Amino acid sequence: MARYNPKDVEPKWRAAWADADVFRVSNDDPRPKYYILEMFPYPSGAIHMGHVRNYAMGDIVARYRRARGHAVLHPMGWDAFGMPAENAALERGVNPKTWTYANIASMREQLKLLGLSIDWSREFATCDPEYYGQQQKLFLRLLKRGLVYRKEATVNWDPVDMTVLANEQVENGRGWRSGALVEKKKLTQWFLRITDYADDLIEGLATLDRWPDKVRLMQENWIGRSTGLQFSFDFAGVAPAGFESGIEVYTTRPDTLFGASFVGIAPDHPLAEQLAANDPKIVEFVADCRRGGTSEAEIEGAEKLGLDTGLRVTHPFTPGQTLPVWIANFILMEYGTGAIFGCPAHDQRDLDFARKYGLPVTPVVLPADGHPATFMVGSEAYTGPGRIFNSGFMDGMTIEQAKAAAVTRIEEAGKGKGAVVYRLRDWGISRQRYWGCPIPIIHCKTCGTVPAPEDQLPIALPDDVSFDRPGNPLLRHPTWRFVACPTCGGAAERETDTLDTFVDSSWYFARFANPQAAEPVDRAAVDRWLPVDQYIGGVEHAVLHLLYARFITRALKDEGMVSVAEPFAGLFTQGMVTHETYARQSGEWVEPSFIAFETEGGIRRARLTETGEALVIGDIEKMSKSKKNVVAPEDIFEQYGVDAARLFVMSDSPPERDVQWTTGGVEGAGRFVQRVWNEFDTEIQAPADAVQDPRGDELRRATHKTIKAVTDSIEQFRFNSGIARLYEFLNVLKGFPANDGGVAVARGEALSALARLISPFTPHLAEECWVRMGGKGMIVDAPWPPFDPALATDSELVLPVQVNGRRRGEIRVAPGADEAEVREKALADADVSVHLEGLTVRKVIVVPGRIVNIVVG
RNA sequence: GCCCCAGUGGCGAAAUGGUAGACGCGGCAGACUCAAAAUCUGCUUUCUGCAAGGAAGUGCUGGUUCGAGUCCGGCCUGGGGCACCA
């Protein structure tokens with residue numbers, strides 16, 4: 001029996017698919033469309049096991065949909081702008097463009113090894129001028145729509161990458177890419193009005209029924225909609241210049257207004273800044289506040305700091321009462337109005353502050369559970385439900401009633417109104433970097449900021465740049481910056497900031513519909529393909545890419561460029577590939593390929609192959625170069641074949657969960673490949689004159705059950721279960737050997753089904769098996785096997801029989817047996833009746849096709 | 001602190017409220033072999049029993065149900081998200 005050799009077979013089929021161009025899909029294809037997309041990769045230069053899992057998952061779906069008769073759009077591209085290219089330039093002196101395209105070339109070859117059913121004719125990179133030129137056009141359209149604006153703002157500055165970051169790109173006070181502590185800096189920046197779409201983005205979440213709840217929840221929390229009251233406190237006495245209308249505050253608890261004991265403003269509030277001009281104490285205090293870091297630990301332990309400005313405001317409901325105005329370090333200028341009223345009894349931060357500075361604490365919500373009206377707050381603010389008291393006209397109301405009453409009263413007095421506030425901020429898109437899409441704007445001393453004319457696009461990046469100094473080389477370029485103003489013709493300068501790379505990935509899925517279009521998106525093509533039916537990627541983009549893409553798609557819709565508001569109808573977030581870690585006694589990490597394993601008395605040990613030094617087997621963690629717990633996909637392909645690697649990363653865990661890479665596991669997948677192949681061995685044949693016998697029926701039932709189960713598994717993204725069914729089926733098949741003429745026909749059907757069922761998972765193997773069994777054409781063009789529901793059940797059911805919920809015996813019945821018959825059989829069963837002796841049968845529950853439970857007492 | 005998710009054999013895991021542990025890994029035993037590798041066959045939750053069988057068992061603890069890994073309440077542990085957001 002010949003062995004299956006993936007090293008010969010796999011390249012052969014990849015070449016055959018490419019030669020026949022089977023995965024190219026036309027926009028005119030009349031079949032129902034299916035758009036499957038995996039998040040496109042950053043071209044780092046090498047693929048890793050995470051890519052293998054991500055793209056194998058998409059490929060399973062793509063190949064399955066093809067077989068089901070869909071016109072499948074399954075494209076690939078490169079998210080090619082970004083910092084690493086500039087870092088390479090800095091460290092190795094290579095040009096970012098050269099570096100990036102070289103990486104793309106090598107990664108393309110590696111990805112092609114995976115045998116993915118991708119339409120490579122649609123490939124593009126976001127750093128192609130043809131792509132970013134269209135993006136510049138798109139930017140200008142959004143500018144015209146009023147969705148782009150420029151303002152000076154306090155921004156997150158990453159001192160290592162020397163650029164600005166959006167709020168979404170700051171994690172625990174650190175840059176998402178560099179890990180550097182983010183600083184606050186005032187800069188003039190370009191912004192996109194994502195907040196205009198805040199409500200719409202929340203409402204849209206409800207329509208995304210094929211998105212994980214987790215991601216929808218994360219987006220909802222990120223947008224952070226809250227309803228409350230925005231109003232002004234009037235100054236008691238003379239108001240500071242410019243603040244004649246008082247201090248504007250925002251609150252979600254207008255019901256606690258009678259418990260207010262101070263008004264607080266942020267250290268960078270305009271009023272604080274104005275007061276500081278004449279008061280060195282305030283200058284010093286504000287500086288103190290800034291000193292506190294932004295890291296998690298520092299915020300956690302930060303003490304409440306405050307300074308009384310000496311100013312007083314009047315309470316809106318009790319005119320005689322005044323409240324002091326404090327500057328407080330825990331108030332954020334970025335949220336609401338940058339000013340609050342403090343109600344210490346019902347807000348923990350206000351309480352901590354009040355206790356420290358001796359401000360009054362007046363409870364106004366009486367807990368519902370029978371507290372006396374003398375209820376007082378100690379060191380813990382009361383935030384639970386109850387009735388309002390100590391509150392004049394609101395006394396006796398519920399919290400909800402009081403909120404409404406307070407809002408009405410303030411609105412009637414013309415002091416403010418009910419307001420909705422979001423945690424979401426506008427998206428800062430300026431980056432002080434070279435390797436990104438140039439912002440198509442020209443700054444003219446006479447005309448101000450002027451959009452670049454469309455016919456001058458693309459505004460291409462210059463290639464002749466130097467990275468001998470930190471900072472943005474576009475700023476230092478001798479000629480690139482200097483242009484004539486498109487309006488007045490005078491001397492002007494280009495904007496040297498480039499767009500955040502998340503802009504690049506916010507519309508690429510629409511470009512795939514027609515990557516050659518003269519407009520950013522080809523409306524007809526996009527209407528043909530969007531929305532993406534199934535999107536697959538990592539959960540780390542839950543509030544980054546996935547929120548931005550939803551926003552941009554809405555903006556494009558309003559601009560009349562696309563028809564859909566939601567770009568991704570279905571989303572699947574896949575788990576990571578993990579691996580054990582190994583370290584020397586010294587703590588130095590060791591690569592798995594240098595290690596020999598042994599098992600002694602059930603304990604696994606690891607040693608350095610070369611020296612025999614004992615190693616420590618550490619935690620199972622995400623594969624990463626820093627921990628050296630990586631296996632190179634190419635080495636695995638070489639050793640076990642691509643199909644085995646694909647099969648293993650899909651088989652061992654549910655796709656949304658992490659999978660642990662193990663050598664044993666991939667060996668098992670390799671064995672499966674070999675065993676499948678053996679079943680298709682043409683050298684072992686049944687004699688031609690063999691006579692059919694009824695055992696074939698049993699095999700046919702197993703075949704149809706397997707088709708049903710595997711189909712369901714793929715539809716429901718339960719690839720691990722589907723693969724388990726295939727293993728099981730193979731075990732069944734071994735009971736009906738090839739040289740047994742009595743089952744030859746049923747076996748032929750079984751093999752035909754098996755080859756097609758494995759084709760999404762192990763496509764090369766499937767093709768080779770298809771040839772061996774004499775299949776017509778290539779299996780990629782073969783239809784998905786249908787199943788006969790009548791055959792997808794057992795010919796005889798084995799029903800367990802319980803007595804009082806304990807399994808006591810089993811009976812055999814025909815699938816459609818009526819209840820009376822089942823009941824009778826169950827009661828008559830010898831194993832069961834032993835347990836019924838001397839007891840009264842009170843009830844017999846028959847669950848058809850499932851179980852019988854006899855209740856006795 | 002708030003919100004969300006998950007806890008099942010030695011390990012990865014499977015189970016529309018209906019036989020818990022499918023399938024794979026590992027382990028043990030056997031076949032083949034001079035031997036090893038590869039391959040094949042069987043066993044492999046725990047306790048008890050010669051066996052047939054019996055009992056216990058899905059983090060802990062109550063409950064709903066004829067029946068709970070699955071549903072509900074409380075707790076414990078682990079993971080993720082947000083976090084001085086008014």
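Everything numeric in this text was worked out from a predicted model, so none of it was measured. Per chain, numbering begins at 1; letters A, B, ... match sequence-line order.
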**Message:** Can you see if the side chain of A:R808 gets near the phosphate of B:rU19 - specifically, an N or O under 4.0 Å from OP1 or OP2?
**Reply:** no
**Asked** Are A:F717 and A:F719 close enough that their ring centres sit under 6.0 Å apart?
**Response** yes
**Item:** Expected output: side-chain A:K304 to main-chain A:A328 donor-acceptor under 3.5 Å
**Value:** no
**Prompt:** Roughly how far apart, to the nearest Å, are B:rC4 and B:rG53 at atom P?
**Reply:** 48 Å
**Message:** Work out how far the P atom of B:rG26 is from that of B:rG69, and round it to whole angstrom.
**Reply:** 31 Å
**Request:** Under a 3.5 Å limit for both distances, which nucleotide forms a Watson-Crick or G-U wobble pair with B:rG12, could you say?
**Result:** B:rC23
**Request:** For B:rA68 and B:rG59, measure between their C1' atoms and round to the nearest Å.
**Result:** 16 Å
**Request:** Find the partner of B:rA83: check Watson-Crick (N1-N3 plus N6-O4 or O6-N4) and G-U wobble (N1-O2, O6-N3) distances, both under 3.5 Å, and reply none if neither fits.
**Result:** none
**Prompt:** So does A:R807 get a side-chain nitrogen or oxygen closer than 4.0 Å to the phosphate oxygens (OP1/OP2) of B:rG18?
**Reply:** no
**Request:** Provide the distance between the two C1' atoms, one in B:rC66 and one in B:rU19, to the nearest whole Å.
**Result:** 16 Å
**Message:** Please verify the inter-ring angle class for A:F262 with A:F353; under 30° counts as parallel, over 60° as perpendicular, anything in between as tilted.
**Reply:** tilted
**Asked** Roughly how far apart, to the nearest Å, are B:rA15 and B:rU8 at atom P?
**Response** 15 Å
**Message:** For A:F231, does the six-membered ring have the charged nitrogen or CZ of A:K415 within the cation-pi criterion, i.e. under 6.0 angstrom from the centroid and within 45° of the normal?
**Reply:** no
**Separation between the P atoms of B:rC2 and B:rA13, rounded to whole Å** = 30 Å
**Fill in**
Under a 3.5 Å limit on both distances, the Watson-Crick or wobble mate of B:rA36 is none
**Request:** Quote, to the nearest angstrom, the C1' distance that separates B:rU58 from B:rC50.
**Result:** 32 Å
**Asked** Should B:rG73 form a Watson-Crick or G-U wobble pair with both distances under 3.5 Å, which nucleotide is its partner?
**Response** B:rU61
**Item:** Atom P, compared across B:rU48 and B:rG12: separation rounded to whole Å
**Value:** 26 Å
